[in-house]
Amino acid sequence: TIVLNNPRRRNALSLPMLRCLRQDLLHDVKSRELRVIVIAAEGPVFCSGHDLKELSTEDDVKHHSQVFELCAEVMTLIQKLPVPVIAKVNGLATAAGCQLVASCDIAVASEKSKFATPGVNIGLFCSTPAVALGRSLPRKVALEMLFTGEPLSAHEALMHGLVSKVVPEDKLEEETMKISHKICESSKSVLALGKATFYRQITQDLDSAYKITTQVMVDNLTLRDGQEGIEAFIQKRKPVWTH
């Protein structure tokens, strides 16, 4: 579990926060023991997005580029990791914080959570958050969020596909762990192959997507765990994964 822990600054994605997040996401990434990553936060705000003090005119264009480039690197890293990444959201997620939720593989939110891209209200359109939002939400829903800055409730976010589940606040930890433990029952190597393939095929046309995934199904059968799972099913026993 990675915890955003600067509630006094509303867990803003400052350069130091982004560097720490990148480092923590990569921590033990090749270890067989690492099976799932949960991103959580301290305080009433999950993440408020970029630290606007870093984006003032006092800093130069080079610094601004560094902020946005590192943020994009972290967001894309989440989908390149070989294990599932779950956002555990209990509070407000705005701008790049909303982008972080949209970039995770799974998102579980408490009923009090809200999601917004309000950059337009301060003259800084949420263009980079729009990349993740536009790939998670129907276009018209994403654009209404981006054009108006108005928040989605947790249940609206669920209805439109920004989050996977909405639960009462006192059930958030339990539900997140339930999903995590279910993931841990599967083979890490099979999940890694499946996750990488999902993101690879999702941007392709239908024929190309089937061409890619057909070959991956064949490749999956060459994995030791691919054969172990089938043999265990036939023999009516639990599989013993080597990962």
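Sequential numbering from 1 along the given sequence is applied to the chain's residues. What you see is a predicted model; the values in this text were computed from it and never measured. Any value given below was found using the heavy atoms of this structure, including those in side chains, with hydrogens, waters and symmetry copies removed.
Crowding of Glu144 atom CD: a count of heavy atoms from other residues, nucleotides or ligands under 6.0 Å not exceeding 12. Heavy atoms of other residues, nucleotides or ligands lying less than 6.0 angstrom from CZ of Phe125 number more than 12. Heavy atoms of other residues, nucleotides or ligands lying less than 6.0 angstrom from CE of Met217 number 12 at most. For Lys188, the NZ atom sits in a packed shell: over 12 heavy atoms of surrounding residues, nucleotides or ligands are nearer than 6.0 Å. Around the CZ atom of Arg237, the shell of radius 6.0 Å holds more than 12 heavy atoms that belong to other residues, nucleotides or ligands.
Between Arg22 and Glu73, the closest side-chain pair of non-hydrogen atoms falls below 4.5 Å. Between Ser186 and His243, the closest side-chain pair of non-hydrogen atoms is not below 4.5 Å. Within the 4.5 Å cutoff, the side chain of Leu193 has heavy atoms near those of the Thr197 side chain. Using a 4.5 Å heavy-atom cutoff, the side chains of Ser110 and Val166 are not in contact. With contacts defined as side-chain heavy-atom distances shorter than 4.5 Å, the pair Ile39/Val85 qualifies. Between Met145 and Leu152, some side-chain heavy-atom pair lies under the 4.5 Å cut-off. For the pair Arg8 and Asn6, the minimum side-chain heavy-atom distance is below 4.5 Å. You'll find the side chain of Lys62 stays beyond 4.5 Å of the side chain of Ser65, heavy atoms only.
Heavy atoms only, all atoms of each residue included: Val190 and Gly226 are closest at CG2-N, 4.5 Å. Nearest heavy-atom pair across Ala232 and Lys238 is CB-C, 4.0 Å. Heavy atoms only, all atoms of each residue included: Pro118 and Ala95 are closest at CD-N, 3.9 Å. When all heavy atoms are compared, the tightest approach of Cys126 to Gly119 is SG-N, 3.5 Å. Between Pro151 and Glu156, the shortest heavy-atom contact is O-OE1, 4.1 Å. Between Val120 and Gly149, the shortest heavy-atom distance links the atoms CG1-N, 4.0 Å.
Side-chain atoms of Gln23 never come within 3.5 Å of backbone atoms of Cys20 as a donor-acceptor pair (strictly under, hydrogens ignored). Using modelled atom types, one side-chain atom of Arg35 and one backbone atom of Cys184 make a donor-acceptor pair closer than 3.5 Å. When atom types are taken as modelled, the side chain of Thr222 and the backbone of Asp219 share a donor-acceptor pair closer than 3.5 angstrom. Gln79 contributes a side-chain N or O that, together with a main-chain N or O of Ser103, makes up a donor-acceptor pair within less than 3.5 Å. Under the 3.5 Å distance criterion, the side-chain polar atoms of His50 are left unmatched by any main-chain donor or acceptor of Gly97. Judged by distance alone, the side chain of Gln201 and the main-chain N or O of Thr213 form no donor-acceptor pair under 3.5 Å. When atom types are taken as modelled, the side chain of Glu228 and the backbone of Val240 share a donor-acceptor pair closer than 3.5 angstrom. Although no hydrogens or angles enter the test, the distance criterion places no donor-acceptor pair under 3.5 Å between the side chain of Ser113 and the main chain of Ala109. Checking side-chain atoms of Trp241 against main-chain N and O of Glu185 turns up a donor-acceptor pair under 3.5 Å.
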Exercise. Can you check side-chain contact (heavy atoms from CB on, under 4.5 Å) on Lys211 and Val216, steps first, answer last?
Worked result: CA-CA 9 Å; Lys211 186 175 181 180; Val216 170; over 6 Å; no
For this session: Test Leu81 against Ile37 for side-chain contact (heavy atoms from CB on, under 4.5 Å), laying out the working first.
Result: CA-CA 10 Å; Leu81 291 169; Ile37 295 171; 4.0 Å; yes
Exercise. Asp225 and Ser187: side chain to side chain donor-acceptor pair (under 3.5 Å), yes or no, with the steps?
Worked result: CA-CA 7 Å; Asp225 282 351; Ser187 161; 2.6 Å; yes
For this session: Assess whether side-chain contact (heavy atoms from CB on, under 4.5 Å) is satisfied between Ile86 and Ser180, documenting all intermediate values.
Result: CA-CA 8 Å; Ile86 303 173; Ser180 300; 3.6 Å; yes
For this session: Could you go through the side chain to side chain donor-acceptor pair (under 3.5 Å) check for Asp105 and Tyr199 one step at a time?
Result: CA-CA 10 Å; Asp105 304 310; Tyr199 286 114; 2.5 Å; yes
For this session: Please step through side chain to side chain donor-acceptor pair (under 3.5 Å) for the pair Ser208 and Asp205, ending with a clear verdict.
Result: CA-CA 5 Å; Ser208 299; Asp205 62 73; 3.0 Å; yes
For this session: Would you check, one step at a time, whether the test side-chain contact (heavy atoms from CB on, under 4.5 Å) holds for Phe46 with Leu100?
Result: CA-CA 10 Å; Phe46 175 78; Leu100 179 59; 4.0 Å; yes
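Atom OG of Ser14 is separated from atom CG of Leu55 by 11.0 Å, given to the nearest 0.5 angstrom. Rounding to the nearest 0.5 angstrom, the gap separating the SG atom in Cys47 from the CZ atom in Arg9 is 12.0 Å. Within the model, atoms CG of Asp24 and CE of Met17 stand 10.5 Å from one another, a figure rounded to the nearest 0.5 Å. Note that CG of Leu191 is 13.5 Å distant from CZ of Phe198, once rounded to the nearest 0.5 Å. Atom SG of residue Cys98 and atom CG of residue Leu137 lie 7.5 Å apart, to the nearest 0.5 angstrom. For the atom pair CZ of Arg10 and CG of Leu92, the computed distance is 6.0 Å after rounding to the nearest 0.5 Å.
Every residue was checked against the side chain to side chain donor-acceptor pair (under 3.5 Å) condition with Thr94, not counting sequence neighbours, and none meets it. Remark: Arg32 engages no residue in a side chain to side chain donor-acceptor pair (under 3.5 Å) (not counting sequence neighbours).
A continuous path of ILVMFWY side-chain contacts below 4.5 Å connects Phe68 to Leu18, so both sit in one hydrophobic cluster. By the rule that hydrophobic residues join a cluster once side-chain heavy atoms approach within less than 4.5 Å of another member, Val74 and Ile106 end up as members of separate clusters. No path of Ile, Leu, Val, Met, Phe, Trp and Tyr side chains, each step under 4.5 Å between heavy atoms, connects Val163 with Val38, placing them in separate hydrophobic clusters. Side-chain heavy atoms closer than 4.5 Å link hydrophobic residues (I, L, V, M, F, W, Y) into clusters, and following such links, even through other members, never connects Leu223 to Leu221. Both Leu34 and Leu26 belong to a single network of hydrophobic side chains, linked directly or stepwise wherever heavy atoms of I, L, V, M, F, W or Y lie under 4.5 Å apart.
Evaluation of the salt bridge (Lys or Arg N to Asp or Glu O under 4.0 Å) test over residues 162-174, restricted to residues two or more places apart or in two chains, returns Lys88-Glu173, Lys112-Glu169, Lys165-Glu175, Lys171-Glu174.
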